[in-house]
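None of the values given here were measured: they were computed from a predicted structure.
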Amino acid sequence: MSESFFFSRTDLDRNQAQGVLDNALNGADDGELYFEYAQSEAFVFDDNRLKIASFNIDQGFGLRAVCGESTGFAHASELSVDALKRAGSAIQAVKSGRGGVMAAGPGRTNAKLYPDENPLGDMTFEAKTKLLADINDYARGKDDRVRQVSASLSGEWSAVEILRPDGAVVRDFRPLVRLNVSVTAGEDDRQETGSYGGGGREGYARFVSPDAWQGQVDEALRQALINLEAEAAPAGEMEVVLGPGWTGILLHEAVGHGLEGDFNRKKTSTFAGRIGERVAAPGVTVIDDGTLPGRRGSLTVDDEGTPTSRTTLIEDGILKGYLQDRLNARLMGVAPTGNGRRESFACQPMPRMTNTFMLGGEHDPQEILASVKDGIYAVNFSGGQVDITSGKFVFNCTEAYRVRNGKVGAPLKNVALIGDGPTALTKVSMIGNDFALDPGIGVCGKGGQGVPVGVGQPTIKIDGLTVGGAAA
């Protein structure tokens, strides 16, 4: 990354761009000039034919000046000195005649998670469309109850360059791919759907090998067939066991957002002002780690140029810290954690999660299930709703089972888990030794922006959650 991706490929002049930046940020407390170039493609095979094949290129810049709590921000898709000057003029109002002291720039890192090369061209168009057709044929040939198959393949590669008013330059290259399979199976007038996906920050090779995609089809079909046998869910408060991996999305939504710096600086989070206090049961340790190579939420640097890090949020039930971007960290008098993220050059950064997970414990998963007298075993989730301020949530299960006297019984349909994250953390009574990360499918929404994230956890037992379903 020694050569500028942007100044070597456009008419932009490095010194002119730096001059515009320095002038725009003169008297500000912080800010940067953020360049981005992104290629993306998507293929969807549905109803026995290729329905979507798209390819897009987006590029542009975002110029930001920060003064106190206020931010001036302008962006454009035109990469020219004139466009930079117009953006510089647009953000002057935020300074309102005040003179700040520019914050020190981000620390540097020798880490480099991803190579410079764009991996999207490693497969031809014909190979990508044939892959989806093969997935469709394989799924339909597995079971005569299969009624519909949908498969999608998507990829993105972006180059990022961040200029600081001190003259520092931070560069990063970011691949991202995903393969998803959905299978609908039916018997008589009933039909159910199962889905499975995988992805990460790498090229297509690992996901398009026959062993990998056939495994995804098999898992999607297994879920659909299990759901065909599902019974109506009970209702009421009961013990709930969450399986490993993707169920960490509940932790992400119900707890993780409440640990982001902006909510805590503004004291709108239930965790605000509680550093050093017990907020979870003993044994509960929650980490956010953006340094894990290849994971969906991992980056060499965040979108302000700060190196990503491994941040302990909760340790053995005690609140240790929050996720910080530069603005909120400066106002709270702490160090940034490398969690300033933005969806694109057209968006402002804010504190966001990367890969957020609960560490494993000592209990065997079968021991955990054996301890349940009457409860639910939730293996997979679909969507849900969360109030970030309070942590109150409603999550819908796509795969769940009734557990009685330690025995896993019939699959259940229409299971909803209802509660609030802070309370649920205090009711964690057993933590499994089977920690797993999700397969690489997470997308997090906040403030109208979506960013790729990872989640994870071991099997855990929560002693009391409200289960929504049919009357017991």
Side-chain angles (χ1 to χ4, degrees), residues 32 34 36 38 62 64 66 69-71 73 75 156 158 160 174 176 178 199 201 246 248-272 286-290 295-299 301-306 308-309 311 313-314 321-332 334 336-358 381-396 420-422 438 440-456:
E32 72 285 309
Y34 179 94
E36 182 182 36
R64 182 177 67 141
V66 180
E69 297 184 25
S70 301
T71 299
F73 181 74
H75 65 88
E156 178 182 318
S158 62
V160 167
R174 301 167 177 177
L176 185 67
R178 177 173 173 176
R201 291 195 176 275
W246 176 241
I249 191 64
L250 190 152
L251 176 77
H252 167 104
E253 294 286 5
V255 177
H257 280 295
L259 297 174
E260 292 168 336
D262 48 356
F263 297 120
N264 288 280
R265 178 178 65 83
K266 298 172 184 177
K267 301 189 184 304
T268 57
S269 167
T270 187
F271 296 106
V286 179
I287 305 290
D288 184 270
D289 193 343
R295 300 305 306 181
R296 190 168 170 86
S298 294
L299 304 167
V301 294
D302 72 4
D303 294 321
E304 298 176 305
T306 304
T308 54
S309 64
T311 304
L313 301 170
I314 299 172
Y322 306 121
L323 299 174
Q324 300 287 5
D325 62 349
R326 287 178 57 84
L327 184 153
N328 288 281
R330 175 173 52 83
L331 295 174
M332 295 177 75
V334 297
T337 57
N339 290 89
R341 304 188 64 189
R342 63 182 98 198
E343 181 177 304
S344 75
F345 67 87
C347 303
Q348 298 183 48
M350 64 179 79
R352 305 291 299 272
M353 286 171 276
T354 56
N355 305 296
T356 311
F357 47 86
M358 182 189 299
F381 288 131
S382 56
Q385 295 180 334
V386 179
D387 182 331
I388 292 175
T389 300
S390 66
K392 293 181 179 179
F393 61 80
V394 177
F395 274 91
N396 302 313
D420 71 87
D438 76 284
I441 58 176
V443 177
C444 172
K446 176 182 175 181
Q449 298 186 39
V451 297
V453 296
V455 300

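- Note that OG1 of Thr308 and CG of Asp289 are 7.5 Å apart. Values are rounded to the nearest 0.5 Å.
- Side-chain contact between Leu313 and Met358 is absent, with no heavy atoms from C-beta onward closer than 4.5 Å.
- Salt-bridge check for Arg342 with Asp325: failed, with every basic side-chain N at 4.0 Å or more from each acidic carboxylate O.
- Here the CZ-CD1 distance, from Phe271 to Ile314, works out to 5.5 Å after rounding to the nearest 0.5 Å.
- In this structure, OH in Tyr34 is found 7.5 Å from OG in Ser344, a value given to the nearest 0.5 Å.
- Contact check on Arg265 versus Glu69 returns a salt bridge, with a Lys/Arg side-chain nitrogen under 4.0 Å from an Asp/Glu carboxylate oxygen.
- Between Pro422 and Ala254, the shortest heavy-atom contact is CD-O, 4.2 Å.
- Residues Asn355 and Gly297 come closest through the heavy atom pair OD1-N, 3.1 Å.
- A 4.5 Å side-chain heavy-atom check between Phe345 and Val160 finds every atom pair outside the cut-off.
- Scanning both residues, Arg330 and Val66, for their nearest heavy atoms gives NH2-CG1, 3.2 Å.
- Under the 4.0 Å criterion applied to side-chain N and carboxylate O atoms, Lys446 and Asp262 are assigned as salt-bridge partners.
- Of all heavy-atom pairs spanning Val334 and Gln324, the tightest one is CG2-NE2, 3.6 Å.
- At least one donor-acceptor pair under 3.5 Å links the side chain of Ser269 to the backbone N or O of Gly258.
- Side-chain contact check for Asn339 versus Tyr322: every heavy-atom pair is 4.5 Å or farther apart.
- Looking at every heavy atom in both residues, Glu304 comes nearest to Gly340 through OE1-CA, 3.7 Å.
- Partners of Glu343 according to the side-chain contact (heavy atoms from CB on, under 4.5 Å) rule, which considers only residues two or more places apart in sequence or in another chain, are Cys347, Gln449.
- Among all heavy-atom pairs drawn from Leu251 and Phe357, the shortest one is CD2-C, 3.8 Å.
- The shortest side-chain heavy-atom distance between Leu299 and Arg341 falls under the 4.5 Å cut-off.
- A heavy-atom distance below 4.5 Å is not found between the side chains of Glu260 and Met350.
- Using a 3.5 Å distance cut-off with no hydrogens or angles, the side chains of Asp288 and Thr354 do pair a donor with an acceptor.
- Once rounded to the nearest 0.5 Å, the distance linking NE2 of His252 with CG of Leu259 reads 11.5 Å.
- Between the side chain of Arg296 and the backbone N or O of Pro452 there is no donor-acceptor pair closer than 3.5 Å.
- Taken from CZ in Arg326 to CG in Asn328, the straight-line distance is 12.0 Å, to the nearest 0.5 Å.
- Residues satisfying the ring pair (Phe, Tyr, Trp, His ring centres under 6.0 Å) test with Phe381, not counting sequence neighbours, are Phe395.
- From Asp302, atom CG reaches atom CZ of Arg352 across 12.5 Å, with rounding to the nearest 0.5 Å.
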